[in-house]
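Just so it is clear, the model here is predicted, and its values are computed rather than measured. Convention: sequence-line order gives letters A, B, ...; per-chain numbering from 1.
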Amino acid sequence: MEPEKTVPHLGKATTWNVNSLKVRLPQVLEWLSREKPDVACLQETKMPDAQFPHQAFRDIGYDAVWAGQPTYNGVAILSRSPIEIPQTSMDDHPDDHKRFLSARIGGVRVVNVYVPNGQDLDSPKFSYKLEWLERLARYLGSIRSGPDPVLLMGDFNIVPDDLDTWDPQGSKDQIFHSPPERKALAAIFGEGFSDLYRVLYPDRQEFSWWDYRMGNFHRNRGLRIDLILSTPTLTGACREVVIDRQARKHERPSDHVPVTVVFSA
DNA sequence: ATGACTTATACGATAAGA
């Protein structure tokens with residue numbers, strides 16, 4: 001008789017680029033206490049590891065793993081249930097930028113990414129972005145054959161489709177919208193991952209980021225770049241994806257809002 | 001309009017974000 005398979009389960013998982021965890025900590029604590037996701041992936045913590053506020057998260061029922069650095073980047077995974085087998089790198093190449101963190105939680109391989117911005121198509125940072133995405137696709141291909149379903153979430157800094165930008169004409173072939181970036185995202189879809197928001201809502205337009213300048217939030221001039229992807233088992237169990245626009249109305253908000261997926265029991 | 005806002009670093013101005 002075969003051993004009974006552990007049923008993977010995550011009820012609710014959130015991704016949020018907080019744009020400085022130091023500044024945003026009170027908002028993050030308040031949001032987590034209210035919404036109670038089982039897992040939360042944070043990006044742009046912008047703090048060295050020694051300053052990570054582990055105890056503040058413990059106090060509200062979350063354990064954490066983190067990979068930070070001063071000033072830039074930085075990622076963390078928070079969880080209400082035990083965090084197993086954390087990985088701070090997607091391959092053997094050392095990475096100066098802390099943009100990747102993964103852990104096994106509830107029988108699911110959770111992957112948190114802060115994809116490089118890229119700046120402009122002719123910038124060296126753009127080449128770095130594409131190379132980083134190629135490495136990510138290879139990593140995803142390698143874990144896809146493993147036993148655990150994969151939940152991939154984070155700030156992708158790519159607009160998947162024209163429906164996901166406020167200005168499809170003006171942004172054509174520009175950074176975040178360019179064919180090479182969309183091709184890199186397509187390679188991840190090619191590894192069996194689905195964009196859960198788009199699977200559930202094929203025609204809906206909501207944004208997860210708005211520029212601080214020009215009253216862009218008030219005018220709803222934004223982008224959907226904070227994505228939740230998963231392999232087929234989890235995709236089939238996905239019931240709802242919520243982009244919490246309200247969080248952008250807070251005093252001193254992040255320019256990104258939390259995006260949450262709810263899975264069926 | 002190479003802007004506009006916010007952050008870190010450091011205490012003024014610059015780099016970076018998206």
[atom1] gap between [N] and [M], integer Å:
N: B/dA10; M: B/dT6; atom1: P; answer: 22 Å
N: B/dT2; M: B/dT14; atom1: C1'; answer: 15 Å
N: B/dA4; M: B/dA16; atom1: C1'; answer: 16 Å
N: B/dG3; M: B/dA15; atom1: C1'; answer: 16 Å

Checklist line | Under 4.0 Å protein heavy-atom contacts per nucleotide of nucleotides 1-15 of chain B, with B for base, S for backbone only and - for none | finding: ---BBSSSS------
Counting the atoms with a prime plus P, OP1 and OP2 as sugar-phosphate, which does [X] contact under 4.0 Å by heavy atoms, base, sugar-phosphate, or nothing?
X: A/Tyr114; result: sugar-phosphate
X: A/Asp226; result: nothing
X: A/Ile225; result: sugar-phosphate

Item checked: Those residues that, when tested against A/Arg224, pass salt bridge (charged side-chain N to carboxylate O under 4.0 Å, His left out) (two or more places apart) -> A/Asp164, A/Asp195
Next item on the list: Report the residues that fulfil salt bridge (charged side-chain N to carboxylate O under 4.0 Å, His left out) with A/Arg144, sequence neighbours left out, ordered by chain and then residue number.
Entry: none
Next item on the list: Under the salt bridge (charged side-chain N to carboxylate O under 4.0 Å, His left out) rule, what do A/Asp49 and A/Lys98 come out as? Steps first, then yes or no, please.
Entry: CA-CA 11 Å; A/Asp49 285 341; A/Lys98 302 304 181 185; over 6 Å; no
Next item on the list: Linking directly or through intermediates, with side-chain heavy atoms under 4.5 Å: list the remaining ILVMFWY members grouped with A/Phe57, chain and number order.
Entry: A/Trp16, A/Val18, A/Leu21, A/Leu25, A/Val28, A/Leu29, A/Trp31, A/Leu32, A/Leu42, A/Met47, A/Phe52, A/Ile60, A/Tyr62, A/Trp66, A/Leu78
Check: Linking Ile, Leu, Val, Met, Phe, Trp and Tyr through side-chain heavy atoms less than 4.5 Å apart, which residues share a cluster with A/Tyr72?
Finding: none
Next item on the list: Sequence neighbours left out, what passes side chain to side chain contact (heavy atoms under 4.5 Å, CB included) with A/Pro147? Give chain and number order.
Entry: none
Taking atom [atom2] of [N] as reference, at what distance in whole Å does atom [atom1] of [X] sit?
X: A/Leu223; N: B/dG17; atom1: CG; atom2: P; answer: 15 Å
X: A/Asn216; N: B/dG17; atom1: CG; atom2: P; answer: 19 Å
X: A/Glu44; N: B/dG17; atom1: CD; atom2: P; answer: 8 Å

